[in-house]
A.B. asks: 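The structure follows.
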Amino acid sequence: MDINEELDHAFQKLDDESRLVVAFWAFSQCACSHRRFVGLGQLKHAHDYIVTDDARRMAADVDPRAVEIVEEIRGHVQTISASPPSYLTTDLGPAGDATKRDFLWGDAFEEPVWFEIRHPAREGLRLAEDRFRAVARG
Amino acid sequence: MTVLYLGLEQGLMRLDVNGRAEAQWVLRDVAAFSVAIDPKDPKYVYATTIGNGVFRSEDGGRTFVKGGEGVSSPLVWASSVSPTERTKCGGVVYVGSMPSAMWRSEDGGRTFRELESFQELPGLPEAAFPPIPASSMIHMIATSFNRDQTVFAGIELGGIARSSDGGETWTDTGAGPDCHQLLAHPMAPDRLYESDGGGYCESRDNGESWKLDYDGIPEELSYFYDMAVDPGDPDNVITTVGRNQYQAHGINPYHFKKGVFQGAFDRSAVLSDTYATLYRKRGNASWEQLRNGLPDPEGHELGRFATALGDDRGTIYYVTIPGELYRTTDGGDSWEQLPVTYPGDVDQLMVHCARATKE
């Protein structure tokens with residue numbers, strides 16, 4: 001089994017609520033986790049979802065602040081996509097060999113823009129979790 | 001006789017190991033994530049839990065009572081007892097929590113006070129535990145055998161912090177960021193061993209500098225988890241290694257939905273291609289894979305090690321997640337599975353940590 005295929009398959013099966021949570025979650029990671037996760041396509045999944053209208057609609061169901069966060073992350077993602085660092089493709093997939101062990105000890109994902117993404121993403125993750133838990137409780 | 005403690009999702013077990021092992025529940029219905037045994041007086045034993053705080057024992061782990069007054073987080077991941085800072089009730093006890101905070105007890109784990117300056121560590125706001133990235137936790141604590149008041153806190157993910165004054169002040173040591181295991185050794189002054197999510201790190205100068213070492217480890221294996229150092233040979237280190245965190249622990253990150261990380265420890269939901277193996281490093285030699293007598297790496301998650309202070313050279317225990325017990329007495333060259341009699345009232349064990357002592 002190819003774990004990347006397995007994870008792609010698992011992501012495709014998620015409902016929209018879960019995709020928003022997963023997208024916030026993926027963008028929330030610290031640099032070290034991003035270096036590890038990029039090779040598994042998690043940032044690409046997050047990118048592909050966060051730029052859709054579905055993401056904005058789902059965020060609107062959560063909270064007005066969640067919409068702001070989605071827009072904020074989209075802006076940063078577009079900046080990165082316009083001029084991606086050597087280790088990323090334009091849709092935040094892994095460029096080169098991001099799974100190499102030395103890559104894990106480098107300084108990828110430590111550019112200032114990533115710090116601008118992580119903190120609002122963590123806030124968005126909390127908002128989305130709280131909202132969906134409340135809904136689940138009725 | 002060796003006494004083995006297994007911290008489990010379902011509680012804490014004490015095993016008398018003497019050729020075979022007899023297991024008894026000593027705590028039930030708590031998720032025990034760490035066990036700390038006083039290195040100078042093993043009648044003092046501590047267990048920390050995810051959800052129920054700290055428990056303490058003064059009779060060699062036969063009975064436990066609730067301790068941890070003052071620890072404001074119920075999510076207590078890590079613990080250690082100082083061999084050098086001694087009180088009337090054994091060694092000073094350090095515990096670490098999620099969110100990342102450190103606590104200290106000078107009365108045998110009854111009460112703790114927070115070591116507040118830990119929050120001033122640069123970079124702590126950036127630390128993030130991947131399943132719950134809005135937070136981080138102290139995953140491991142090590143106390144120095146040769147420097148009084150020196151304690152190390154391994155943050156997942158956030159590096160290793162050191163205090164040289166009993167936790168009053170802290171500095172970042174620049175170690176690997178994803179601390180999964182952190183050990184000191186009584187025969188190796190100032191030496192620290194870190195098993196990190198990206199590799200193996202070692203310091204020989206009390207954490208002033210660290211050296212990465214993965215010579216001999218195949219490129220596809222980059223996820224190091226638990227680790228043991230031979231109780232009689234500080235140059236013999238054994239780690240568990242996997243391909244990545246998912247195949248190592250049997251976690252699919254997309255099993256979690258709507259904010260709940262479902263499946264993190266759900267063996268029924270694991271990916272079918274888990275892989276976990278053991279590698280050993282002796283002195284300056286390259287890492288070498290250990291297979292003789294161990295379970296097949298394919299289809300297994302990373303297990304946990306236990307060693308007992310003062311045990312015979314070469315004696316190391318390895319426990320798989322569902323509780324199979326293996327022992328080597330030759331430093332890892334060969335392993336034998338020891339029969340274990342578990343209580344009959346649990347279907348499926350889930351081991352979080354293992355610790356051992358001699359009795």
Side-chain angles (χ1 to χ4, degrees), chain A residues 1-15 17-22 24-37 39-42 45 97 99-106 110 114-115 118-119 121-136, chain B residues 123-136 155-159 176-179 196-201 210 212 214-215 217-224 241-248 251-263 269-275 298:
Chain A
M1 181 189 295
D2 182 316
I3 190 167
N4 295 67
E5 288 180 11
E6 168 74 10
L7 297 181
D8 281 345
H9 180 62
F11 186 81
Q12 300 310 322
K13 288 196 301 185
L14 294 177
D15 59 32
E17 289 180 357
S18 298
R19 287 186 188 193
L20 181 66
V21 171
V22 167
F24 281 147
W25 170 77
F27 285 123
S28 295
Q29 300 294 331
C30 60
C32 177
S33 292
H34 274 147
R35 290 193 286 268
R36 187 166 305 139
F37 290 169
L40 297 169
Q42 290 175 4
H45 293 156
D97 196 346
T99 60
K100 288 282 187 187
R101 183 182 291 117
D102 287 350
F103 179 82
L104 299 176
W105 299 92
E110 291 181 0
W114 291 102
F115 294 86
R118 279 177 201 127
H119 292 283
R122 290 177 190 180
E123 184 186 354
L125 181 61
R126 277 194 215 101
L127 290 170
E129 285 179 340
D130 290 348
R131 172 63 179 158
F132 295 140
R133 279 200 197 103
V135 169
Chain B
L124 192 60
E126 278 297 312
F129 177 51
I132 312 168
S135 189
S136 67
I155 306 163
E156 184 166 359
L157 283 75
D178 190 8
C179 180
D196 182 277
Y200 171 79
C201 278
W210 296 83
L212 266 170
Y214 35 70
D215 182 33
I217 303 280
E219 192 72 60
E220 69 271 18
L221 300 179
S222 63
Y223 188 77
F224 287 58
V241 188
R243 295 189 185 113
N244 54 59
Q245 61 272 44
Y246 305 127
Q247 289 168 303
I251 300 170
N252 180 330
Y254 300 137
H255 285 144
F256 79 113
K257 285 182 136 187
K258 300 180 179 64
V260 181
F261 197 75
Q262 297 169 348
V270 301
L271 299 172
S272 61
D273 59 343
T274 51
Y275 181 94
E298 300 286 350

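Because the structure is a prediction, the values reported are computed rather than measured. By convention in this document, chain letters (A, B, ...) are assigned in the order of the sequence lines, proteins followed by strands, and residues within each chain are numbered from 1.
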A.B. asks: Going by the angle between their ring planes, with limits at 30° and 60°, are A:Trp114 and A:His34 parallel, tilted or perpendicular?
C.D. replies: tilted
A.B. asks: What pair of heavy atoms forms the shortest contact from B:Asp196 to B:Gly176, and how long is it?
C.D. replies: OD2-C, 3.0 Å
A.B. asks: Passes side chain to side chain contact (heavy atoms under 4.5 Å, CB included), A:Asp8 versus A:His45? Steps please.
C.D. replies: CA-CA 8 Å; A:Asp8 281 345; A:His45 293 156; 2.6 Å; yes
A.B. asks: So for A:Arg101, is it side chain, backbone, both, or neither that comes closer than 4.5 Å to the heavy atoms of chain B?
C.D. replies: both
A.B. asks: Which atom names give the shortest non-hydrogen contact between B:Ala128 and B:Pro133, and what distance separates them?
C.D. replies: CB-O, 3.3 Å
A.B. asks: Please flag which part of A:Phe24 lies under 4.5 Å from any non-hydrogen atom of chain B: side chain, backbone, both or neither.
C.D. replies: neither
A.B. asks: Between B:Tyr214 and B:Leu221, is there a side-chain heavy-atom distance shorter than 4.5 Å?
C.D. replies: no
A.B. asks: Just so I understand: if I count every heavy-atom pair under 4.5 Å between each of A:Lys100, A:Arg19, A:Arg35 and chain B, which residue has the most?
C.D. replies: A:Lys100
A.B. asks: Where does B:Leu212 contact chain A at under 4.5 Å (heavy atoms): side chain, backbone, both or neither?
C.D. replies: side chain
A.B. asks: At a heavy-atom distance under 4.5 Å, which candidate from A:Arg118, A:His119, A:Glu123 has the highest pair count against chain B?
C.D. replies: A:His119
A.B. asks: Count the heavy-atom pairs under 4.5 Å between each of B:Ser135, B:Gly198, B:Ala127, B:Ala134 and chain A, then report the option with the highest count.
C.D. replies: B:Gly198
